[in-house]
Amino acid sequence: MKPEIETEHACKGTIPKNVPRMVRILDVIEENPFVKTFLLDIKMDALPGQFVMVWLPGLDEKPMSVRGTSEASPAVKALLQKAKLKPNSEGAVAITVEARGPTTKELLQKKPNDMIGIRGPYGKPYSIVEDSIMVGGGVGMPPVAFLADILKKRRLLQGARTKERLLFLDQYEDMRISTDDGTLGHKGFVTELLEEEIMKKKPKMVYACGPELMMLAVLRICRKHRIPMEASLERYMRCGLGVCGSCVCGNRVVCVEGPVFNDKELEEMADFGKFALTKSARKVTLKEYYSG
Amino acid sequence: MKAANETNPDVTTEVAGIKLNSPLVLASGILGTSSDILKRVASEGAGAVTMKSIGPVEREGHPNPNVIEFGFGMLNAVGLPTPGVDNVLQEMEELKTSPVPVIASVYGSTVDDFVMIVEKLKPYKPAAFELDISCPNKEDGLAFMASEDVVYKLVSSVKKAAGNIPVIPKLSPNTHSIPRIAAACKKAGADALCAINTASAMVINIEARKPVLAYKKGGLSGPALKPIAVRCVYEAYQATGLPIIGTGGVTTGRDAIEMIMAGASAVGMGTAVYYRGISAFREVLGEMKEWMRNNNVRSVKEIIGAAHY
Ligand SMILES: Cc1cc2nc3c(=O)[nH]c(=O)nc-3n(C[C@H](O)[C@H](O)[C@H](O)COP(=O)(O)OP(=O)(O)OC[C@H]3O[C@@H](n4cnc5c(N)ncnc54)[C@H](O)[C@@H]3O)c2cc1C
Ligand SMILES: Cc1cc2nc3c(=O)[nH]c(=O)nc-3n(C[C@H](O)[C@H](O)[C@H](O)COP(=O)(O)O)c2cc1C
Ligand code: FES
């Protein structure tokens with residue numbers, strides 16, 4: 001393979017793909033008190049599991065999963081039609097964002113017609129296997145919902161701490177729910193719903209995205225039942241291009257070789273379920289990583 | 001006797017007494033954040049690997065965006081994030097089982113910083129210390145490149161601290177004179193040179209009306225940097241005759257050969273990992289061998305500095 005150096009972009013005056021381009025926010029949908037979905041005026045060939053880098057000029061740039069594209073996701077297309085929106089770029093991308101720190105809080109203040117920077121899509125998507133079960137937790141839901149839009153034969157499970165944290169309830173009537181406090185659906189862990197569903201009928205594939213310990217539990221269940229699985233990892237990201245090394249997990253480069261990995265890869269990954277690198281590239285336990 | 005084009009060309013080389021099975025070295029700051037990933041790059045064909053530059057104390061680096069690719073290369077202002085020397089000792093321990101030589105890259109604001117880090121890392125016996133005196137993305141990153149006296153003092157102090165571990169200052173193109181700085185390094189006892197680090201640059205997003213990188217400026221790497229790197233290696237070789245790890249914009253076998261002809265004994269690759277993945281090391285080596293066979297070059301050592309006349 002010869003390197004693909006994109007001199008063409010630069011010479012023809014178009015924006016090279018790895019420089020953020022400013023795109024208009026078409027619509028903002030409040031999913032729950034902590035989470036909003038943004039419809040962005042940009043046409044993009046993205047697949048479930050891939051992510052974009054979202055730039056707020058002067059502040060920061062952060063990775064966000066693609067919730068869906070107007071081409072591939074009927075749910076996103078429906079959102080466009082409902083709001084009677086006509087994007088200039090003849091396509092739209094949705095991202096679903098939870099307020100966590102300074103950048104996401106600032107992003108959640110944005111209104112329709114505001115501009116934000118986008119580059120991508122990046123990363124390896126989920127494989128597409130019919131007759132599967134997908135398990136989403138928290139802001140792991142967006143890529144899982146995108147996948148649910150594409151597959152015809154699938155079962156969708158969502159777990160959350162409490163009812164008001166749940167996402168996309170009105171978009172998927174057949175979705176099974178669990179909450180830690182029992183405020184909606186099954187009281188307990190979403191992995192318990194997964195075991196139940198596997199007992200009903202063994203699926204051909206299980207997809208997971210959510211807290212890493214949940215994904216580790218899903219991996220163990222799938223191994224027990226000999227079902228292939230794929231999970232999407234979250235690590236601190238800078239370049240998204242596979243050079244800076246911020247996102248490495250074990251000996252894998254999450255931004256380009258992932259974020260989606262299969263059961264075999266996850267089992268071989270020394271740090272999965274255990275360690276992550278901080279912003280300063282110090283290896284810490286997941287608990288320490290998520291406590292800030 | 002077999003003709004050269006039928007034999008397997010000799011791609012072994014040597015820098016500062018370190019023997020390399022391939023001249024292609026992973027440049028500092030590319031993927032080298034942990035022992036696991038460094039060992040993987042080593043097992044996938046690099047002749048040596050360089051760790052991400054290690055600083056005196058923990059540092060987070062700059063906000064995003066801090067790396068972009070703009071069509072002719074990359075700009076980065078990662079800002080030298082580091083766990084700090086005390087937190088990399090465990091990784092150093094694990095790197096003892098690396099299949100290829102490991103170069104420890106070191107940075108600091110003062111001579112004392114460099115000496116302190118080198119003394120702490122010395123017991124782990126890295127193959128060499130590379131001195132990052134050339135990062136354009138930290139307030140004082142280029143201070144040592146500004147004067148022959150200052151760089152002399154740094155390199156001679158580190159040489160004393162490093163004992164028998166070779167010391168390799170890494171030069172920046174952002175200097176008044178590569179030959180003079182290179183000569184000062186040699187006079188101070190440098191065992192080899194690495195040339196070059198990135199060149200200070202900027203990309204502006206005209207819709208946002210702002211520089212894209214959060215640090216505003218960043219270091220240029222990749223194809224756009226190559227002719228500058230070749231010139232710097234040429235000048236440093238001419239001025240010192242020291243072995244050089246020629247780095248900057250190498251993404252193909254032809255690029256690597258060009259760097260060697262400019263005077264490099266080994267060739268650093270960084271941004272190539274974006275263009276071609278980790279397999280760049282194996283693929284570029286294959287392309288070098290093919291070129292050598294077609295041009296009757298039996299050994300890399302034969303063509304080091306071949307472009308000088
Ligand atoms: C592949 C991928 C997909 C993601 N998809 C979504 C999504 O669809 N929706 C969503 O709400 N969130 C998503 N995230 C998480 C999101 O990137 C962080 O919540 C966000 O970066 C927080 O930034 P902040 O400034 O608000 O908070 P900060 O205070 O800066 O950080 C809070 C926490 O967010 C994480 N984080 C911060 N910066 C980064 C970074 N550069 N890269 C990775 N993690 C970071 C860290 O765990 C950190 O402790 C995704 C992350 C990854 C890696
Ligand atoms: C993302 C990135 C991070 C870098 N970090 C460092 C670093 O920490 N220390 C250093 O000496 N050089 C660093 N460099 C510079 C490279 O080692 C190399 O000198 C430069 O990129 C030119 O080579 P290339 O064109 O092959 O990438 C970095 C380069 C990039 C692209
Ligand atoms: S984010 Fe830079 S290598 Fe993955």
Side-chain angles (χ1 to χ4, degrees), chain A residues 1-11 14-23 53-63 102-103 115-117 119 236-253 256-257 269-271 275 277-284, chain B residues 29-41 43 52 55 58-74 76 78 81-84 87-88 90-91 203 205-212 214 221-223 251-252 270-280 283:
Chain A
M1 190 189 90
K2 283 275 181 298
E4 285 173 38
I5 296 167
E6 298 195 5
T7 48
E8 253 188 48
H9 286 278
C11 295
T14 53
I15 306 171
K17 73 169 190 234
N18 295 313
V19 174
R21 62 187 65 205
M22 298 307 290
V23 306
M53 295 298 286
V54 178
W55 181 40
L56 301 185
L59 189 58
D60 212 324
E61 184 191 46
K62 300 289 181 182
T103 318
M115 307 288 283
I116 60 173
R119 60 184 176 99
Y236 190 81
M237 285 183 187
R238 285 193 162 90
C239 67
L241 305 172
V243 298
C244 75
S246 303
C247 67
V248 299
C249 179
N251 67 3
R252 303 304 295 267
V253 187
V256 292
E257 298 181 318
M269 224 180 274
D271 294 353
F275 303 108
L277 299 187
T278 64
K279 215 172 165 180
S280 55
R282 184 160 56 89
K283 198 190 263 196
V284 297
Chain B
I30 286 57
L31 292 182
T33 44
S34 79
S35 53
D36 285 341
I37 192 75
L38 283 161
K39 283 187 196 168
R40 170 158 166 218
V41 176
S43 69
K52 171 78 190 165
E58 185 164 0
R59 176 181 155 100
E60 288 195 337
H62 301 311
N64 279 354
N66 51 39
V67 186
I68 56 159
E69 186 271 330
F70 64 97
F72 299 101
M74 272 185 178
N76 90 80
V78 176
T82 179
N87 289 318
V88 298
Q90 182 59 33
E91 299 293 311
V203 167
N205 182 307
I206 58 174
E207 282 81 24
R209 303 184 181 202
K210 286 192 173 64
V212 177
S221 66
T251 60
T252 66
T271 307
V273 172
Y274 162 71
Y275 293 105
R276 309 185 68 166
I278 294 176
S279 57
E283 290 171 12

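No experiment lies behind these values; they were computed from the predicted model shown. Convention: sequence-line order gives letters A, B, ...; per-chain numbering from 1. Scope of the values below: all heavy atoms of this structure, side chains included, with no hydrogens, waters or symmetry mates.
B:E207 is not listed as a side-chain neighbour of A:M115, based on a closest heavy-atom distance of 4.5 Å or more. With a 4.5 Å cut-off on side-chain heavy atoms, A:V248 and B:D36 do not count as touching. No side-chain heavy atom of B:E69 sits under 4.5 Å from any side-chain heavy atom of A:V243.
For A:R119, the part sitting under 4.5 Å from any heavy atom of chain B is the side chain, from C-beta outward, and nothing else. Neither the backbone nor the side chain of A:L56 has a heavy atom closer than 4.5 Å to any heavy atom of chain B. Of the two parts of B:E91, only the side chain, counted from C-beta on, holds a non-hydrogen atom closer than 4.5 Å to a non-hydrogen atom of chain A. Looking at A:A270, only its side chain comes within 4.5 Å of chain B, counting heavy atoms on both sides. With a 4.5 Å cut-off on non-hydrogen atoms, A:M53 touches chain B through its side chain but not through its backbone. When heavy atoms are compared at a cutoff of 4.5 Å, A:L277 approaches chain B solely by way of its side chain, counted from C-beta outward. Only the side chain of A:T278 has a heavy atom closer than 4.5 Å to any heavy atom of chain B.
Between chain A and the options B:N205, B:V88, B:V78, heavy-atom pairs under 4.5 Å are most frequent for B:N205. For the options B:A208, B:P65, B:P63, B:P81, heavy-atom pairs under 4.5 Å to chain A are most numerous at B:P65.
Distance check: A:N251 CG to B:L31 CG gives 11.0 Å after rounding to the nearest 0.5 Å. How far CG of B:N66 is from CG of A:D60: 8.5 Å, rounded to the nearest 0.5 Å. Rounding to the nearest 0.5 Å gives a distance of 11.5 Å between CE of A:M22 and CZ of B:R209. A distance of 13.5 Å separates OH in A:Y236 from OG1 in B:T33, rounded to the nearest 0.5 Å. The NE2 atom of B:H62 lies 11.0 Å from the NZ atom of A:K279; values are rounded to the nearest 0.5 Å. A:C249 contributes atom SG, which lies 10.0 Å from atom CD1 of B:I37 (distance to the nearest 0.5 angstrom).
Across all their heavy atoms, B:Y274 and A:N18 have their closest contact at OH-ND2, 2.7 Å. Between B:V273 and A:G242, the closest heavy-atom pair is CG1-O, 3.6 Å. B:S34 approaches A:G250 most closely through the heavy-atom pair OG-O, 4.1 Å. Heavy-atom minimum distance, A:P57 versus B:K210: CB-CD, 3.8 Å.
Take B:S43 and apply the side-chain hydrogen bond (donor to acceptor under 3.5 Å, both in side chains) test, not counting sequence neighbours, and it matches no residue.
Of the possible donor and acceptor atoms, none in the side chain of B:N76 sits under 3.5 Å from a partner among the backbone N and O of A:C239.
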